[in-house]
Amino acid sequence: PFVGEDGFMPVVSRPQSGRLPRLVYVRSLTDSNIWRIETATPGGPALAPPVVSISSTRLDSNPQFSPDGRRVAFESTRSGESEIWLSELDGPGTVQLTSMGANAAACWSPDGQLIAFNSDREGQYEIYVIPAAGGKPRRVTSDPANDYYPSFSRDGQWIYFTSNRTGNYQIWKIPASGGDAVEVKHNVGYRALESPDGDYVYYTHTRGAPSSLWRLPTSGGQPVKVLEGVVWRNFVVLERGIYYIDQPAGEARLQFFDFAAGRSSTVARNVGQIWIGLT
């Protein structure tokens with residue numbers, strides 16, 4: 001059953017008399033692991049070099065801390081397909097949460113009870129939620145377009161996502177319990193995160209790297225550019241500022257943009273090759 005595993009670019013030889021056809025393919029395997037950096041304060045410099053936190057012989061990526069900081073939801077291909085897994089901070093107690101080709105940065109609900117993710121099980125990418133304790137996934141969106149990168153609002157009532165249902169990828173939101181999707185802003189946008197106070201939505205402007213990061217009031221208004229250089233939707237919004245990864249001159253750095261100071265400082269340098277091939 002594993003003939004051709006991790007394979008692509010298949011070629012079958014032409015039939016020849018007295019010789020069976022042969023299959024030739026490229027086997028390519030990426031072993032990506034999840035690392036952790038310790039700081040004394042939010043935005044402060046790293047106290048020590050990065051250390052491996054969660055690893056396997058397969059691809060482990062897109063970690064998301066639970067609201068209480070005790071668990072991590074992450075994407076992994078350790079079962080053969082890309083799925084959402086849960087573990088404690090350094091890897092013990094690891095369990096597979098989904099079995100449906102789930103990927104793209106699982107997001108916890110504010111109360112830690114639900115996890116949102118996207119999957120193309122229905123033929124196009126849709127947004128789903130699943131109990132963090134395990135259970136049956138529930139589809140939230142239903143549209144012929146592709147819906148990606150879910151994230152909960154701070155009150156847990158809405159799920160933000162990006163969709164190309166109008167022809168361009170834009171930020172939308174939909175009730176977490178289900179219902180009609182609402183366009184947040186009629187301009188290009190990808191991953192979106194609400195600020196801790198719920199007053200703003202921050203979103204990357206392009207899908208690839210680097211991308212500018214924009215801020216939009218949740219009450220309405222015009223978007224404002226906050227910073228440049230975010231690598232592949234790698235950012236998180238805190239009360240005091242924004243952690244993000246940039247990659248000037250090929251060096252991946254963990255940066256912190258301080259709201260009060262209005263500028264960025266480097267938390268850690270040379271944090272490794274950033275995996276940007278995921279959907």
Side-chain angles (χ1 to χ4, degrees), residues 28-37 50 52-55 58-65 72-77 82-85 101-108 115-120 125 127 146-152 159-164 168-172 184 187-195 201-216 223 225-238 241-257 264 266-279:
S28 178
L29 175 65
T30 298
D31 180 15
S32 176
N33 299 312
I34 296 171
W35 294 62
R36 187 182 74 247
I37 293 174
V52 176
S53 182
I54 299 172
S55 65
R58 292 288 178 156
L59 188 149
D60 301 309
S61 62
N62 289 325
Q64 296 287 321
F65 280 110
V72 178
F74 63 99
E75 178 184 354
S76 179
T77 59
S82 178
E83 300 292 353
I84 304 301
W85 291 68
N103 56 36
C107 180
W108 297 81
I115 290 179
F117 62 94
N118 55 245
S119 170
D120 62 350
Y125 280 95
I127 306 301
N146 286 313
D147 301 328
Y148 296 103
Y149 313 146
S151 68
F152 281 91
I159 295 177
Y160 292 96
F161 63 98
T162 185
S163 177
N164 64 348
N168 294 318
Y169 279 102
Q170 297 164 335
I171 303 299
W172 293 69
V184 174
N187 62 320
V188 177
Y190 287 88
R191 188 191 181 206
L193 293 177
E194 203 173 82
S195 59
V201 175
Y202 291 81
Y203 63 93
T204 50
H205 191 257
T206 59
R207 186 179 184 184
S211 173
S212 54
L213 185 69
W214 292 70
R215 183 184 69 194
L216 178 70
K225 185 190 295 185
V226 179
L227 54 87
E228 292 277 3
V230 177
V231 174
W232 203 259
R233 69 182 187 271
N234 285 297
F235 75 97
V236 62
V237 183
L238 304 180
I242 301 170
Y243 278 111
Y244 67 99
I245 291 177
D246 67 359
Q247 203 167 14
E251 178 198 10
R253 307 180 304 182
L254 178 60
Q255 300 280 90
F256 185 77
F257 178 81
S264 297
T266 300
V267 177
R269 297 182 179 273
N270 296 315
V271 295
Q273 181 179 355
I274 305 302
W275 179 255
I276 61 174
L278 303 176
T279 57

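- Side-chain contact between V226 and W214 is absent, with no heavy atoms from C-beta onward closer than 4.5 Å.
- In this structure, F161 has its ring center no closer than 6.0 Å to that of Y149.
- Here the OG-CZ distance, from S82 to F117, works out to 10.5 Å after rounding to the nearest 0.5 Å.
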Before you tell me yes or no, could you show the steps for V230 and D246 under side-chain contact (heavy atoms from CB on, under 4.5 Å), namely the whole-Å CA-CA distance, both residues' side-chain angles and the distance that decides it to 0.1 Å?
CA-CA 5 Å; V230 177; D246 67 359; over 6 Å; no
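- The closest donor-acceptor contact from the side chain of T77 to the backbone of R58 lies at 3.5 Å or more, if one exists at all.
- Nearest heavy-atom pair across V237 and S195 is CG1-CA, 4.1 Å.
- In this structure, the side chains of R233 and N62 come closer than 4.5 Å at one or more pairs of heavy atoms.
- Nearest approach of V231 to N234, heavy atoms of both residues: O-ND2, 2.7 Å.
- Judged by the 6.0 Å distance and 45° axis criteria, R191 is not positioned over the aromatic ring of Y203.
- Considering only heavy atoms from C-beta on, E251 comes within 4.5 Å of R269 through its side chain.
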side-chain contact (heavy atoms from CB on, under 4.5 Å) between Y148 and S163, worked out
CA-CA 6 Å; Y148 296 103; S163 177; over 6 Å; no
Verdict with supporting geometry, W172 and T162, side-chain contact (heavy atoms from CB on, under 4.5 Å)
CA-CA 6 Å; W172 293 69; T162 185; over 6 Å; no
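- Taking OG from S55 and CG from D31, the interatomic distance works out to 7.5 Å, rounded to the nearest 0.5 Å.
- The closest donor-acceptor contact from the side chain of D60 to the backbone of I34 lies at 3.5 Å or more, if one exists at all.
- Here the side chains of D147 and Y125 are not in contact, with every heavy-atom distance at 4.5 Å or above.
- Closest approach of A192 and Y160 over heavy atoms only: CB-CB, 4.3 Å.
- G229 approaches P210 most closely through the heavy-atom pair CA-CB, 3.6 Å.
- In this structure, L254 and I37 have side chains that are in contact, with non-hydrogen atoms separated by less than 4.5 Å.
- With contacts defined as side-chain heavy-atom distances shorter than 4.5 Å, the pair I127/I159 qualifies.
- I84 contributes atom CD1, which lies 9.0 Å from atom CZ of F74 (distance to the nearest 0.5 angstrom).
- Counting only N and O atoms by type, the side chains of S264 and Q255 include no donor and acceptor under 3.5 Å apart.
- Put simply, OH on Y244 and CG on L213 are 9.0 Å apart, with the number rounded to the nearest 0.5 Å.
- Put simply, the side chain of V72 reaches to within 4.5 Å of the side chain of I54, judged on heavy atoms.
- Among all heavy-atom pairs drawn from A106 and Q64, the shortest one is O-CG, 2.7 Å.
- In this structure, the side chain of T204 does not engage the main chain of S211 through any donor-acceptor pair within 3.5 Å.
- Under the 4.5 Å side-chain criterion, counting only non-hydrogen atoms from C-beta, R215 is not in contact with V201.
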Pair T206-V188, side-chain contact (heavy atoms from CB on, under 4.5 Å): steps then yes or no
CA-CA 7 Å; T206 59; V188 177; 5.9 Å; no
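- Here OG of S212 is found 5.0 Å from CD of E228. Values are rounded to the nearest 0.5 Å.
- Here the closest non-hydrogen pair linking V271 and R253 is CG2-N, 4.2 Å.
- Here the two rings, on Y190 and Y169, have centers that are under 6.0 Å apart.
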